[in-house]
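Report on the structure given below.
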Amino acid sequence: MGGTGGISEMPGMIESEALAALHRIFGYEAFRGEQEAVIEHVVAGGDAVVLMPTGGGKSLCYQIPSLVRPGTGIVVSPLIALMQDQVDALRALGVRAGFMNSTQDFGERRVVEAEYLAGELDLLYLAPERLRLDSTLDLLSRGKIAVFAIDEAHCVSQWGHDFRPDYLSLSLLGERWPDIPRIALTATATDATHQEITQRLNMPTARHFVASFDRPNIQYRIVPKADPKKQLLGFLREEHAGDAGIVYCLSRKSVEATAEFLSRNGIEAVPYHAGLDAGTRAAHQSRFLREDGLIVVATIAFGMGIDKPDVRFVAHLDLPKSVEGYYQETGRAGRDGLPSTAWMAYGLNDVIQQRKMIQSSEGDEAFRRRAAAHLESMLALCETAQCRRGQLLAYFGQDPDPVGCGNCDTCLTPPETWDGTVAAQKVLSTVVRLQRERGQKFGAVQIVDILMGKRTAKVIQFDHDQLSVFGIGEELSEGEWRGVVRQLLAQGLLAVEGDYGTLVLTEASGSVLRREREVPLRKEPKKVATSRSAAGSSGSGRGERKAKAAVAELPEALVPAFEALRAWRAEQAREHGVPAYVIFHDATLREIVTVWPTSVAQLGGVSGVGEKKLVTYGEGVIGVLAGLDGSPGGAAPGPERDADPGADDWPEMDAEPEPEDWI
């Protein structure tokens, strides 16, 4: 490993060495998708820009070249808080890995430096900030470098959702070490961001590899927001009781309130945001990685780089700022390829709040225009009546399936649409009457009350019951009118103004009022009564938790063996001080009970069992199976081996604004 010379000139040997490393270390027979082409190109000395979805196996694209080429692979990663876990996972595979960052003391860094200079490291992880130090550059110059891997390369884009200024200086790697191949990787990039990565990293001759952005195992669903915390509780109890997952909220305040609400209702959840002290954040992150079935409620400061394969759901209680951010966050679910859910509660206040945040931002006009464009794309995804997955893929420049995906809410339950032109005219006319006749501006609540003919205290106070539009909208319910306002905002036919989120017309409003433009709208779904399970159940106990997605397709007779292996795995994880998935993924345990090996040699043929894991855990696995009542139904051939997903993501900046009722 990391010391074979002359390989870059021998393509046949490249292929054999890479495949041998994949099988020997990672326990897989064949590469997946673009992995083989990327690895072959980089091992041969070429630069590469790789766009591959979270869970698609990006990390193998630089780990294998680091193992096959002579020298040490230098991985530039912003994941300081997770470097220890990444290195531990690699060491469990027998890979000689290390890291250098600000969490280490002087003595620990000196040990890693010595290992690098002695050629005793296959991979060395560094934060981009460390490459600003002359001492780091001098150290690298004194050793042998196999490849430079720039992970989360979208951070170089100033228009991206995770911009990190230190990434802008990484072009120096190519200038200082022109003969060392570089590979830049990201899971989320539009065509514009893709080109910016190439330009800013100065990789004009790089070969580009773009994999499919589709994650077919993830079911995308967006529901109308009513009482979001109760809706979340019902979703968890009915569909994901005992599952690990992430709940995203916009503000620290809502993170704390949601975590406390779930815990009070019998669902174990912990908060995570930048306002917590570093020790608490680290403890909650560690628990999430090491415990089964824990939920983290977080701002966007959490989740990037979490290589936890059995996250069964990602839920959003607030609207993400961009499709890129949404895609990256939802991509943390189902990295093991098993069924998972991306669930979001979305409503009128989300649209108003996001528009208000853009208007009040400290950025220049160009920044606000770009933020508004990101929001428009996100709103289009939320409001579409077509396949939601298709809309998502089209955003990233990929052709969707024309017949739909069959695994999103709009495919499973196609929404009804209706001609909302008259309703739109009523809303816009009310805004016009208030402004022109009274010189007043109000939010959505007052507009809807006027249309419905409600004589509230505020309506009476301002004599709005005397307006000609008072009561002209009694044909729709309050929820339906709020849906109309939300969709008009989403379509740019209304805008938000001022500190209180008042509604005003846009340039496009006139065409609707003049009957020159039709306004198709989605019908608002009828409210569903809170289910008995959401209202009365206290949730699953820790002893009852099961990885439901993992056992869903197993024959019932094999489930006890699967659960026995999971219990054994948990003991091993505690003993070795690593997350359970570092021992074996659920997908590997599924194949083990399906194949039911009776010897360590047979276990070595299971996908995901490399040489080091076979030596470390082989006897234990066989012992667990031997202690059961034999193989139910006999041995069966396992599924085709697949490359282990290995993508990393990194913590974004925390979202500061506290949500308010702008209406």
Side-chain angles (χ1 to χ4, degrees), residues 215 218-241 243 245-250 254 257-258 261-262 265 267 269 295 297 312-321 323 325-327 329-330 332-334 339-354 375 378-392 404-418 444 476-487 489-490 521-535 537 659:
R215 294 284 302 282
I218 297 179
Q219 184 181 98
Y220 297 95
R221 284 158 49 194
I222 300 177
V223 302
K225 183 180 287 188
D227 188 334
K229 287 200 289 289
K230 287 186 178 178
Q231 289 173 288
L232 173 66
L233 183 62
F235 165 70
L236 297 180
R237 286 178 171 170
E238 293 167 13
E239 301 183 39
H240 288 287
D243 284 340
I246 305 171
V247 178
Y248 285 109
C249 301
L250 182 63
S254 55
T258 303
F261 172 81
L262 292 177
N265 283 275
I267 295 179
I295 293 173
V297 185
R312 294 275 67 88
F313 70 89
V314 170
H316 285 85
L317 293 190
D318 295 301
L319 183 69
K321 295 179 181 179
V323 175
Y326 173 74
Y327 177 81
E329 288 152 21
T330 58
R332 286 155 204 151
S340 305
T341 312
W343 181 92
M344 184 198 304
Y346 157 78
L348 173 59
N349 280 9
D350 290 307
V351 186
I352 293 175
Q353 184 179 9
Q354 289 283 6
L375 179 59
M378 192 66 224
L379 293 174
L381 177 65
C382 291
E383 299 290 359
T384 184
Q386 307 303 314
C387 173
R388 215 176 291 281
R389 189 186 311 275
Q391 182 99 7
L392 189 62
C405 72
N407 192 31
C408 70
D409 53 357
T410 52
C411 283
L412 296 169
T413 310
E416 296 182 61
T417 58
W418 60 293
L476 297 181
S477 68
E478 179 179 349
E480 289 170 328
W481 276 119
R482 289 177 66 83
V484 172
V485 173
R486 186 194 74 236
Q487 293 184 69
L489 283 165
L521 299 175
R522 286 171 52 120
K523 277 193 175 180
E524 295 300 301
K526 300 296 182 184
K527 281 190 177 181
V528 179
T530 303
S531 69
R532 183 171 58 186
S533 63
S537 171

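We're numbering straight along the sequence, starting at 1.
- In this structure, CG in Leu232 is found 10.5 Å from NE2 in His240, a value given to the nearest 0.5 Å.
- Distance alone, capped at 3.5 Å, is enough to place a donor-acceptor pair between the Gln231 side chain and the Pro224 backbone.
- Taking 4.0 Å as the cut-off between side-chain N and carboxylate O, Glu480 and Lys523 do not count as a salt-bridged pair.
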Next item on the list: Begin from the C-alpha positions of Glu239 and Arg312 and carry the test salt bridge (charged side-chain N to carboxylate O under 4.0 Å, His left out) through to its verdict.
Entry: CA-CA 10 Å; Glu239 301 183 39; Arg312 294 275 67 88; over 6 Å; no
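- Taking all atoms of both residues into account, the shortest heavy-atom contact from Gln391 to Ala380 is NE2-CB, 3.5 Å.
- In plain terms, the two heavy atoms of Phe313 and Asp243 that are nearest each other are CE2-O, 3.9 Å.
- A salt bridge does not link Asp409 to Arg389: none of the charged nitrogens lies less than 4.0 Å from a carboxylate oxygen.
- A distance-only check finds no donor-acceptor pair linking the side chain of Ser340 to the backbone of Ala333 [under 3.5 Å].
- Note: Gln219 CD to Thr330 OG1 = 13.0 Å, rounded to the nearest 0.5 Å.
- Between Asn407 and Arg215 the shortest side-chain heavy-atom distance does not fall below 4.5 Å.
- Interatomic distance, Leu375 CG to Leu319 CG, rounded to the nearest 0.5 Å: 6.5 Å.
- The closest side-chain donor-acceptor pair between Arg332 and Tyr248 falls under 3.5 angstrom.
- When every heavy atom of Asp318 is checked against every heavy atom of Leu250, the shortest pair comes out as OD2-N, 2.7 Å.
- In this structure, CZ in Phe235 is found 11.5 Å from CG in Leu233, a value given to the nearest 0.5 Å.
- Remark: the backbone N or O of Ser254 is paired with a side-chain donor or acceptor of Thr258 at under 3.5 angstrom.
- Nearest heavy atoms, Cys408 versus Cys405: N-SG, 3.5 Å.
- Nearest heavy atom pair, residue Ala490 against residue Leu379, reads CA-CD1, 3.8 Å.
- Judged by distance alone, with hydrogens and angles left aside, the side-chain atoms of Thr384 form a donor-acceptor pair with the main-chain N or O of Gln386 at under 3.5 Å.
- Considering only heavy atoms from C-beta on, Tyr346 stays 4.5 Å or farther from His316 through its side chain.
- Of the inter-residue distances, the one linking Cys382 atom SG with Gln487 atom CD reads 11.0 Å to the nearest 0.5 angstrom.
- Of the possible donor and acceptor atoms, none in the side chain of Glu416 sits under 3.5 Å from a partner among the backbone N and O of Arg522.
- The shortest non-hydrogen separation linking Thr417 to Ala385 is CG2-CB, 3.8 Å.
- In terms of modelled atom types and a separation under 3.5 Å, the side chain of Lys225 and the main chain of Leu317 share a donor-acceptor contact.
- Side-chain atoms of Asp350 come within 3.5 Å of backbone N or O of Gly347 as a donor-acceptor pair.
- Residues meeting the side-chain hydrogen bond (donor to acceptor under 3.5 Å, both in side chains) test with Lys229, sequence neighbours left out: none.
- Here the straight-line distance linking atom CG of Leu412 with atom CZ of Arg388 works out to 11.0 Å at 0.5 Å rounding.
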